[in-house]
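Contents: one structure, followed by commentary.
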Amino acid sequence: IKAISPSLDERFTVSQKTVLKKQQALAVSAKGVNEDYHHIEKIELAYGRFMRSIDVKEHKNVVVIGDKLANEVFGKSDVVGEQITFNYNGQNLVFTIIGVQVPPKNSILSGFNQGHSVYVPYTVIKRLTNASDIVYFSEFSVFPEVNKADIQERIPQCLAQKHETK
């Protein structure tokens with residue numbers, strides 16, 4: 001297995017004034033993933049970086065946003081280091097933007113990023129939703145030479161090793 005990542009989805013709304021100086025309720029698809037996710041879904045960044053393991057381990061409020069969202073909220077694409085406020089269930093949450101994604105070309109997630117989407121550490125989603133330590137969805141990629149039939153047996157071993165469980 002080349003890379004494996006938990007995958008948790010939630011809905012946020014942008015709760016700050018946009019560049020147009022009007023309050024807009026911009027709905028955002030928030031995908032909680034780990035630092036390996038960019039190896040699974042080839043995420044190309046125009047600015048900044050993808051999350052790191054320390055971001056995930058420390059539940060940091062960091063976010064990778066799409067170019068479209070950056071332009072609608074800030075009026076420009078290079079917004080690394082800026083802060084963006086999302087509302088989730090009545091809570092205003094401030095995130096630091098660490099990366100801006102270029103729109104994907106031909107990808108499974110092309111539709112995902114056509115609207116407003118963001119990537120945050122999955123541990124942040126777990127904290128917000130009071131989720132247990134059980135992750136119900138994971139995504140992974142494999143090396144081309146790997147026999148795909150063997151993968152199903154190896155996934156539990158890889159997950160246990162990565163998360164130091166038995």
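Model, not experiment: these values are computed from the prediction.
Classification of Asp55 and Arg49 as a salt-bridged pair holds, one side-chain N sitting under 4.0 Å from a carboxylate O.
Atom NZ in Lys68 sits 5.0 Å away from atom NE2 in His116 (nearest 0.5 Å). Atom CG in Asp78 sits 7.0 Å away from atom NZ in Lys76 (nearest 0.5 Å). Glu72 contributes atom CD, which lies 6.0 Å from atom CG of Leu26 (distance to the nearest 0.5 angstrom). Note: Gln101 CD to Tyr47 OH = 14.0 Å, rounded to the nearest 0.5 Å.
In this structure, Arg11 and Ser29 have side chains that are in contact, with non-hydrogen atoms separated by less than 4.5 Å. For the pair Tyr119/His38, no side-chain contact is recorded, criterion being any heavy-atom separation below 4.5 Å from C-beta on. Side-chain atoms of Ile97 and Phe74, non-hydrogen and from C-beta on, do get closer than 4.5 Å to each other. Leu8 has its side chain within reach of Tyr122: a pair of non-hydrogen atoms, C-beta onward, lies under 4.5 Å apart. Looking at Val33 and Phe50, their side chains come closer than 4.5 Å, going by heavy atoms from C-beta outward. Val28 has its side chain within reach of Phe86: a pair of non-hydrogen atoms, C-beta onward, lies under 4.5 Å apart. In this structure, the side chains of Lys126 and His59 stay at 4.5 Å or more apart for every pair of heavy atoms.
Checking each of Glu58, Met51, Glu35 against Pro121 for a side chain to side chain contact (heavy atoms under 4.5 Å, CB included) leaves exactly one that passes, namely Met51. Tested against Leu45 for a side chain to side chain contact (heavy atoms under 4.5 Å, CB included), the candidates Ile98, Val64, Val102, Val100 yield a single pass: Val64.
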Could you pull out all donor-acceptor pairs under 3.5 Å where a side-chain atom in residues 87-94 meets a protein atom, sequence neighbours excluded?
residue	atom	partner	partner atom	Å
Asn87	OD1	Gly90	N	3.2
Asn87	ND2	Asn92	OD1	3.2
Tyr88	OH	Glu10	OE1	3.3
Asn92	OD1	Ser15	OG	2.9

Yes or no on side-chain hydrogen bond (donor to acceptor under 3.5 Å, both in side chains) for Ser53 and Asn34, after CA distance, side-chain angles and deciding distance?
CA-CA 7 Å; Ser53 61; Asn34 71 13; over 6 Å; no
Assess the residue pair Lys57 and Thr123 against the criterion (side-chain hydrogen bond (donor to acceptor under 3.5 Å, both in side chains)); give the C-alpha distance rounded to whole Å, side-chain angles, the decisive distance to 0.1 Å, and a yes or no.
CA-CA 7 Å; Lys57 286 178 186 165; Thr123 51; over 6 Å; no
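For the residue pair Thr96/Asn61, the side-chain donor-acceptor check at 3.5 Å is not satisfied.
Closest non-hydrogen pair, Ala70 versus Val79, comes out as CB-CG2, 3.8 Å. Taking every heavy atom of both residues into account, Val124 and Lys60 meet most closely at CG2-O, 3.2 Å.
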